[in-house]
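To start, the structure itself, in structure tokens.
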Amino acid sequence: MFCTVRVVKYWDDKELIRVVMTVSGDILLCDLDAFFASVEQLDHPEYRGKPVIIGGRPGERGVVATCSYEARKYGVRSAMPMVQAVKLCPDAVFLPVNMDRYRQVSARVFAVYDRFAAQIEKVSIDEAYLAVPSGVGLETARKIREAVRRELGLPVSVGISVNKLLAKMACELAKPDGLYRVAKEDMPKIIWPMPVSKLHGIGPQTKEKLNRIGVKTICQLAKFPERELIKMFGAAVGVMLHQRANGNDIREIQAEREIKSIGEETTFPKDVYDQDAVLTTLMDLAGQVGYRLRHKGLKARTVTVKIRSADFSTITRSQSLSAAVEGDGAIYKVARELFVTNCGQPPWRLVGVQVSNLDSYEQLSLFQEKDEKVSRVVDKLKDKYGMGVIKRGSLLLSEERKKKQ
DNA sequence: TCTGGGGTCCTAGGACCC
DNA sequence: TCTGGGGTCCTAGGACCC
């Protein structure tokens, strides 16, 4: 990036070698406020100023994906069960997730970011880190906020600091619709008094564990002996906690990120007792995963199924293959086998299919050719007529039933 | 009050090889 | 009869994030 200082520290002879890197230059975290809700309010002026809750259908299984700040006043939060959101704010506007539309708007926002920074890391549909030269962070943030507001009508909050962690935390302070800069020297005054749960990377479990040993604030964590943290959380996590509490973060801006896995899962509207019905869903999911895999020009060596029972207990079972696959049928074959041998007793609540160990595309073996040719024809139909046009699942399943008889 | 769906990274044990 | 050390891969689960 702009300037790098490395300090290599040997700790306890040879147990741990730590590298601390200071990167100079400003990091911005741009986060679109209540993104899905903001887009809906933009597209539907009648929703403006009202509590808007986006997620699963009220009354069915599902959670809140995003809600507008008006809804947050009632205590509604992301990831909250829909049933609870309805109770808290029954008069809200409830909307389903319209991901295609949000992706469209997101692309236009990122195009604006592109004009202001050479290095951009897309974190999610509504969040990105930008690297800009040292000293221009604040000015760039103002321009970005102004441009996104003027050109797209959306509020975006921006955190500015010297690394990703502090930029992220600055952004939390900036929300809603603001900007905030945290200098490294501000750590003790601004960040340290906060509870540990506010530190990016500390979730409910780690918070509880820390609280039990009397560590409640980020300041206490920063001053807690690192080797004790390593004993409690393992080397990687222990060091990470210690570094972050002290405001150190060596993660760089990654413009291109390699895809590690592709997965699809479904929670049934009602628990399912019929194994064949689950297998039909599994086949459908395998088809969706295969479609995305091939579209990225990838093949997978590992297939994983996820099975959640009615009592919410969840297991995953995976199998790695000697040769990478990309065909719907090949993925399904492994997933089916894994499901049948591990599914336990009905009813089931959720099934999922995931592929990992990804390789870029290579020559087909004769053995795989037929399945993959069929999958490609199906892809073309889906591209042309939409995802619902054809389901190989029903076709393959009926063949399976014939075999059984 | 029941708890989505898409991911990433880490841990830990076991197999296997040299 | 007691027993190495390092490395890599695989598997399962868990924590966390958006």
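Below, chain A is the first sequence line, B the second, and so on; all start at residue 1.
- Sorted by first then second residue, the side-chain hydrogen bond (donor to acceptor under 3.5 Å, both in side chains) pairs that include residues 342-357 of chain A, not counting sequence neighbours, are A:T302-A:N357, A:R317-A:N342.
- Across the protein-nucleic acid pair, A:F35 atom CZ and B:dG6 atom P stand 18 Å apart, rounded to whole Å.
- Here A:T266 pairs with nothing under the side-chain hydrogen bond (donor to acceptor under 3.5 Å, both in side chains) rule; sequence neighbours left out.
- Regarding A:Q84, its CD atom lies at a distance of 13 Å from the P atom of B:dG4, rounded to whole Å.
- Taking the six-membered ring for Trp and thresholds of 30 and 60 degrees, A:Y113 and A:F110 have ring planes more than 60 degrees apart, a perpendicular arrangement.
- In this structure, A:L350 and A:V237 both approach DNA chain B, and ranking their closest nucleotides by distance from the 5' end singles out A:L350.
- Against the 90° criterion about 0, the sugar-base torsion of B:dC2 places it in the syn range.
- Under the stacking criterion of a centre-to-centre distance below 5.5 angstrom and an interplanar angle below 30°, A:F312 sits stacked against the six-membered ring of B:dT3.
- For C:dG4 and B:dG14, the P atoms lie 16 Å apart once the distance is rounded to whole Å.
- Nearest heavy atom pair, residue A:C89 against residue A:F94, reads O-CZ, 3.6 Å.
- A:E151 pairs by the side-chain hydrogen bond (donor to acceptor under 3.5 Å, both in side chains) definition with A:R115, not counting sequence neighbours.
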Which is it for A:F36 and A:V97 under the side chain to side chain contact (heavy atoms under 4.5 Å, CB included) test, yes or no, and what are the steps along the way?
CA-CA 8 Å; A:F36 299 174; A:V97 176; 4.3 Å; yes
Quick tally for nucleotides 7-16 of chain C: nucleotides whose base has a protein heavy atom under 4.0 Å get B, sugar-phosphate-only ones S, the rest -, giving ---SSSS-SS
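- Under the salt bridge (Lys or Arg N to Asp or Glu O under 4.0 Å) criterion, no residue pair touches residues 73-99 of chain A, with sequence neighbours excluded.
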How is the base pairing of DNA chain B summarised as a dot-bracket string, given the Watson-Crick and G-U wobble criteria with both distances under 3.5 Å, [ ] for crossing and | for another strand?
....||||||||||||||
